[in-house]
Amino acid sequence: MINLMEQAKSQITQLINEGIEKAVAEGQLPQVQIVDITVEVPREKQHGDFATNIAMQITKQAKKAPRMIAETLINHMNLTDTYVEKVEIAGPGFINFYFKKEWLYGVITAIEQEGTEYGKVNIGNGEKVMVEFVSANPTGPMHMGNARGGALGDCLASVLEWAGYDVTREFYINDAGNQIEKFGKSLEARYIQLLKGEDAFEFPEDGYHGDDIKERMQEFIAGEGDKYLEISSEERKDAFVAYALQKNIDKLKEELELYGITYDVWFKESTLYENNEVQETIDYLKEKGYTYEKEGAIWLEASKLGAEKDEVLVRNNGIPTYFTADIAYHRNKFVKRGFDRVIDIWGADHHGHVARMKGAMEAIGCNPDKLEIIIMQLVRLLRNGEVARMSKRTGKSVTLRDLLDETGTDAARFLFNMRQAGSHLDFDLDVAVAQSDENPVFYVQYAHARICSILRKLEEEGVEVQSVNKINLARLETEEEIALLKKLVQLPEEIAIAALTLEPSKITRYILDLAALFHSFYNACRVKVDDKELMMARLKLVDSIRIVMKNVLNMLKVSVPEKM
RNA sequence: GCGCCUGUAGCUCAGCUGGAUAGAGCAACUGCCUUCUAAGCAGUGGGCCAGGAGUUCGAAUCUCUUCAGGCGCGCCA
């Protein structure tokens with residue numbers, strides 16, 4: 001994998017280290033302790049391609065003015081055999097590096113060589129990491145929170161794959177415990193009501209009122225009739241749950257598939273009970289002395305593990321809580337399946353769960369730092385500039401399905417990843433469906449389509465993209481072309497940063513920037529010009545942009561139209 | 001009351017783990033199609049980075065604090 005950014009930075013680091021060594025050897029600097037040399041790309045391009053603040057950082061140790069230190073260092077740098085063209089001191093003591101154009105042109109070669117792989121980095125070293133996301137309750141339809149979580153989780157998983165991790169996408173099915181109990185009761189009530197009238201059976205107070213429950217039972221009756229009126233409540237609830245749950249899970253799968261999400265594992269909570277892992281977990285915690293009994297329940301001393309207060313593990317009716325199952329689940333992820341890292345994506349309404357979950361990890365002997373929980377802030381849906389809680393079509397709260405029907409997968413996936421997980425997100429339906437400059441998805445896709453159009457036009461005239469060794473890249477010298485080359489160089493690093501910070505939103509912003517630079521270029525420079533050499537160079541540049549855009553959009557699973 | 005998140009242009013948000021003159025996109029205004037897709041581009045205006053204190057060569061960024069908003073604090077999940 002070629003990472004020009006990395007190469008450049010390591011060259012600079014080496015130059016500085018050599019500079020310091022020599023200066024120290026010659027007595028021009030005292031012995032200094034360097035923790036980390038930061039090399040960054042300055043915001044202002046007149047400050048060069050790279051800059052370092054090392055001179056300012058060692059001011060105290062060196063007991064000299066930063067600009068003096070900078071000068072000393074520069075005097076001891078040997079620039080031969082490097083890409084560095086020029087070094088300058090600037091401002092309070094920055095050292096600015098100007099790179100030769102050859103370095104920048106190298107990106108075209110890199111893209112040609114790596115093609116669909118360009119942008120990949122290996123910071124993960126094949127580490128096994130799980131991303132668990134959505135995990136919506138199978139008792140009803142998915143909501144806007146699930147929609148955001150889906151886009152975030154799936155794109156994050158992709159980013160991690162591109163960064164060299166071995167990623168598993170997982171959906172946790174809550175098919176056990178209290179809510180399934182409620183689910184069963186609700187189904188039973190609807191079944192009897194449908195066959196014998198509304199008044200024949202009282203609907204449970206805390207039951208699920210959604211229409212989907214009724215629908216399930218209508219389907220069930222259509223197939224099986226009324227024979228379940230005769231059997232025991234226990235038996236028929238089990239039968240209803242088994243039927244409706246499978247139906248609901250199939251529907252979840254289908255809708256997520258439509259959303260571009262395919263999971264590697266659908267993990268059922270019930271298997272934790274079947275395989276005795278919940279009990280194993282409880283026994284383990286007991287053994288380690290983290291539990292006590294109070295009022296007939298078994299408690300976890302979570303307060304001693306960093307949480308706010310203690311938590312019930314097993315209710316006084318003998319049934320373990322959701323929390324206990326979740327501990328067993330995470331124990332399964334780490335201990336039974338050997339994941340190096342586990343990333344959970346939760347809605348902000350679950351943030352109270354974080355501290356006790358981390359505490360529980362410690363209690364079961366897993367490193368809590370290996371469990372990373374992304375807390376995603378809630379989504380506000382806007383329509384006509386106003387908060388829209390209800391779907392236009394159904395009058396009920398807006399589901400993932402409604403959203404996809406209205407805006408399509410591309411817009412939803414892209415727009416949900418425009419914001420960082422931690423920031424509250426306003427999802428504007430009018431923007432999502434707008435086919436204009438307001439809509440960032442179209443803006444990016446349009447750039448790609450424009451490029452394809454150029455390629456088509458020239459191909460019709462018999463002009464094709466040539467391999468890099470036949471092209472005089474030095475002809476790429478306008479401001480717009482240089483800016484584009486620099487942006488292309490950045491992709492591997494952007495992916496690395498997105499993976500490290502767990503923020504796929506960096507990538508959507510990257511691709512928006514690239515599209516903007518392309519559109520500027522398009523208006524400032526023509527590809528199809530009489531100067532053949534220039535045309536071939538620009539054609540190659542444009543084709544390289546196309547490859548990068550396609551790579552990134554494929555990664556995000558946003559479609560890449562060649563015509564619009 | 002306690003805890004988590006957020007506060008940057010009229011609106012929606014970036015700001016790359018502390019850098020140089022705080023940036024985009026919408027919205028407003030002015031221009032740009034006989035030449036590769038105007039779903040585009042160029043330009044103009046717009047800011048007490050919520051307030052205050054601290055840390056240091058240097059703070060939108062880190063710490064503390066006040067204020068405002070969101071969310072949570074169950075033998076629910």
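To find a chain, count down the sequence lines: A is the first, B the second, and so on, and within it residues start at 1.
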> Can you tell me if the side-chain N/O atoms of A:Lys457 get under 4.0 Å from OP1 or OP2 in B:U37?
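For B:U37, OP1 or OP2 has a side-chain N or O of A:Lys457 closer than 4.0 Å.
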> Taking C-beta and beyond as the side chain, do A:Met142 and A:Leu252 meet within less than 4.5 Å on heavy atoms?
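Side-chain contact under 4.5 Å: yes.
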> Does B:A14 have OP1 or OP2 under 4.0 Å away from a side-chain N or O of A:Thr508?
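Answer is no, no contact under 4.0 Å.
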> Parallel, tilted or perpendicular: which fits the ring planes of A:Trp299 and A:Tyr292, with parallel below 30° and perpendicular above 60°?
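Parallel: the ring planes of A:Trp299 and A:Tyr292 meet at under 30°.
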> Identify the pairs formed between an N or O of the protein and an N or O of nucleotides 21-24 of chain B at a distance under 3.5 Å, and give each distance.
unit_1 : atom_1 : unit_2  : atom_2 : d
B:U21  : O4     : A:Gln46 : NE2    : 3.3

> Which whole-number value in Å describes the distance from A:Glu269 CD to B:C76 C1'?
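Those two atoms, CD and C1', are 12 Å apart.
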> Base, sugar-phosphate, or nothing: which does A:Asn53 touch, judged by heavy atoms less than 4.0 Å apart?
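Result for A:Asn53 = base.
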> Without decimals, in angstroms, what is the distance between A:Arg419 CZ and B:A14 P?
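To the nearest whole Å, that distance equals 6 Å.
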> Respond yes when some side-chain nitrogen or oxygen of A:Asn178 is under 4.0 Å from OP1 or OP2 of B:A77, and no when none is.
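Indeed, a polar side-chain atom of A:Asn178 lies that close.
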> Looking only at N and O atoms, is any donor in the side chain of A:Asn96 or the base of B:A20 less than 3.5 Å from an acceptor on the other one?
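Side chain to base: pair present.
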> Looking only at side-chain N and O atoms, does A:Tyr522 come under 4.0 Å of OP1 or OP2 in B:A38?
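It does, given that an N or O in the side chain of A:Tyr522 lies less than 4.0 Å from OP1 or OP2 of B:A38.
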> Between A:Arg538 and B:C36, is there a side-chain N or O to OP1/OP2 distance below 4.0 Å?
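No, because none of the side-chain N or O atoms of A:Arg538 sits under 4.0 Å from OP1 or OP2 of B:C36.
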> Please work out if A:Asn137 contacts a base, only the sugar-phosphate, or nothing of the nucleic acid, heavy-atom cut-off 4.0 Å.
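Sugar-phosphate: the residue A:Asn137, judged by heavy atoms under 4.0 Å, touches backbone atoms but no base.
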> Between A:Phe518 and A:His448, is the ring centroid distance below 6.0 Å?
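Between A:Phe518 and A:His448, the centre distance exceeds or equals 6.0 Å.
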> So A:Ala348, base contact, sugar-phosphate only, or nothing? Heavy-atom distance under 4.0 Å.
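A:Ala348: backbone/sugar contact only, no base atoms under 4.0 Å.
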> Given that both pair distances must be under 3.5 Å and the pair must be Watson-Crick or G-U, what runs of three or more consecutive pairs involve RNA chain B?
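Stem list for RNA chain B: B:1-7 with B:67-73, B:10-13 with B:23-26, B:28-32 with B:40-44, B:50-54 with B:62-66.
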> Using the C1' atom as the reference point in each nucleotide, state the distance between B:C26 and B:G72 in Å, no decimals.
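Looking at atom C1' only, B:C26 and B:G72 are 33 Å apart.
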> Report yes or no: is the cationic atom of A:Arg148 (NZ for Lys, CZ for Arg) under 6.0 Å from the centre of the six-membered ring of A:Phe427, at an angle within 45° of the ring normal?
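Relative to the ring axis of A:Phe427, which defines the angle, A:Arg148 lies outside at least one limit.
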> Please work out if A:Ser453 contacts a base, only the sugar-phosphate, or nothing of the nucleic acid, heavy-atom cut-off 4.0 Å.
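If one applies the 4.0 Å heavy-atom cut-off, A:Ser453 turns out to touch a base.
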> State whether A:Asp310 and A:Lys294 are salt-bridged, where the test is any N-O pair (Lys NZ or Arg NE/NH1/NH2 against Asp/Glu carboxylate O) under 4.0 Å.
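Salt bridge between A:Asp310 and A:Lys294, a charged N being under 4.0 Å from a carboxylate O: no.
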> Measuring only the P atom in each nucleotide, how far is B:C41 from B:A27? A whole number of Å is fine.
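Result for the P pair: 12 Å, nearest Å.
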> Tell me whether the side-chain N/O atoms of A:Thr501 come closer than 4.0 Å to OP1 or OP2 in B:U17.
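It does not, given that no N or O in the side chain of A:Thr501 lies less than 4.0 Å from OP1 or OP2 of B:U17.
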> Is A:Phe94 stacked on the base of B:A20, meaning ring centres closer than 5.5 Å and planes within 30 degrees of each other?
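Stacked: centres under 5.5 Å apart, planes under 30°.
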> With a 4.0 Å cut-off on heavy atoms, is A:Lys309 in touch with a base, just the backbone sugar-phosphate, or nothing at all?
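A:Lys309: backbone/sugar contact only, no base atoms under 4.0 Å.
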> Contact class for A:Val41 vs. all strands (heavy atom < 4.0 Å): base, sugar-phosphate, or nothing?
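Base contact.
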> Check every strand shown and say whether A:Gln420 touches a base, only sugar-phosphate, or nothing at a heavy-atom separation below 4.0 Å.
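Result for A:Gln420 = sugar-phosphate.
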> Tell me whether the OP1 or OP2 atom of B:C57 has a side-chain N or O from A:Lys60 closer than 4.0 Å.
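So the side-chain polar atoms of A:Lys60 do come within 4.0 Å of the phosphate oxygens OP1 or OP2 of B:C57, strictly under.
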> Please give, in whole Å, the distance from B:U35 P to A:Leu534 CG?
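It is 20 Å, rounded to the nearest whole Å.
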> If you measure from the P atom in B:A39 to the same atom in B:C5, how many Å do you get, rounded?
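One P to the other, the span is 44 Å.
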> Give a yes/no answer on whether the side chain of A:Arg356 brings an N or O atom under 4.0 Å of OP1 or OP2 in B:C73.
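No.
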> What interatomic distance, in whole Å, is found between P of B:A24 and the corresponding atom of B:G15?
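Their P atoms lie roughly 15 Å apart.
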> Indicate the atoms forming the closest heavy-atom contact of A:Asn3 with A:Glu493, along with that distance.
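Residues A:Asn3 and A:Glu493, closest heavy atoms: ND2-N, 4.4 Å.
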> Does OP1 or OP2 of B:A20 have a side-chain N or O of A:Arg67 closer than 4.0 Å?
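No, A:Arg67 has no side-chain N/O under 4.0 Å of OP1/OP2 on B:A20.
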> What is the minimum heavy-atom distance between A:Ile374 and A:Ala421, and which atoms define it?
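In terms of heavy atoms, the two residues are closest at CG2-CB, 3.6 Å.
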> Please report the distance separating the C1' of B:A28 from the corresponding atom of B:G45, rounded so that it comes out in whole Å.
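That atom pair is separated by 9 Å.
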> Is A:Thr399 reaching over with its side chain to a backbone N or O of A:Pro141, donor-acceptor style, under 3.5 angstrom?
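Side chain of A:Thr399 to backbone of A:Pro141: no pair is present.
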> Please give the distance between the C1' atoms of B:U17 and B:C76 as a whole number of Å.
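Rounded to whole Å, the distance is 38 Å.
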> Considering only the C1' atoms, how many Å lie between B:G47 and B:A14, rounded to the nearest integer?
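Those two atoms are separated by 15 Å.
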> Sticking with atom C1', work out how far B:G18 lies from B:C49, rounded to a whole angstrom.
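Nearest-Å result for B:G18 against B:C49 at atom C1': 15 Å.
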> Report the C-alpha separation of A:Asp543 and A:Arg546 in whole Å, then their side-chain angles, then the decisive distance to 0.1 Å, and conclude whether the salt bridge (charged side-chain N to carboxylate O under 4.0 Å, His left out) test is met.
CA-CA 5 Å; A:Asp543 192 50; A:Arg546 180 187 64 80; 2.8 Å; yes
> Can any side-chain N or O of A:Glu311 pair as donor or acceptor with the backbone N or O of A:Ala302 at less than 3.5 Å?
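Side chain of A:Glu311 to backbone of A:Ala302, a donor-acceptor pair under 3.5 Å: no, none is there.
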> Look at A:Arg331 together with A:Glu277 and state whether they make a salt bridge at an N to O cut-off of under 4.0 Å.
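Not counted as a salt bridge, because no side-chain N and carboxylate O are separated by less than 4.0 Å.
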> Is the shortest side-chain N/O distance from A:Lys506 to OP1 or OP2 of B:G15 below 4.0 Å?
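Checking A:Lys506 against B:G15: at least one side-chain N or O falls below 4.0 Å of OP1 or OP2.
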> Given 3.5 Å as the limit, does a donor-acceptor pair link the side chain of A:Arg315 with the main chain of A:Pro320, or not?
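Judged by distance alone, yes, a pair lies under 3.5 Å.
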> Pick base, sugar-phosphate or nothing for A:Ala524, based on heavy-atom distances below 4.0 Å to the nucleic acid.
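The residue A:Ala524 makes no contact with any strand.
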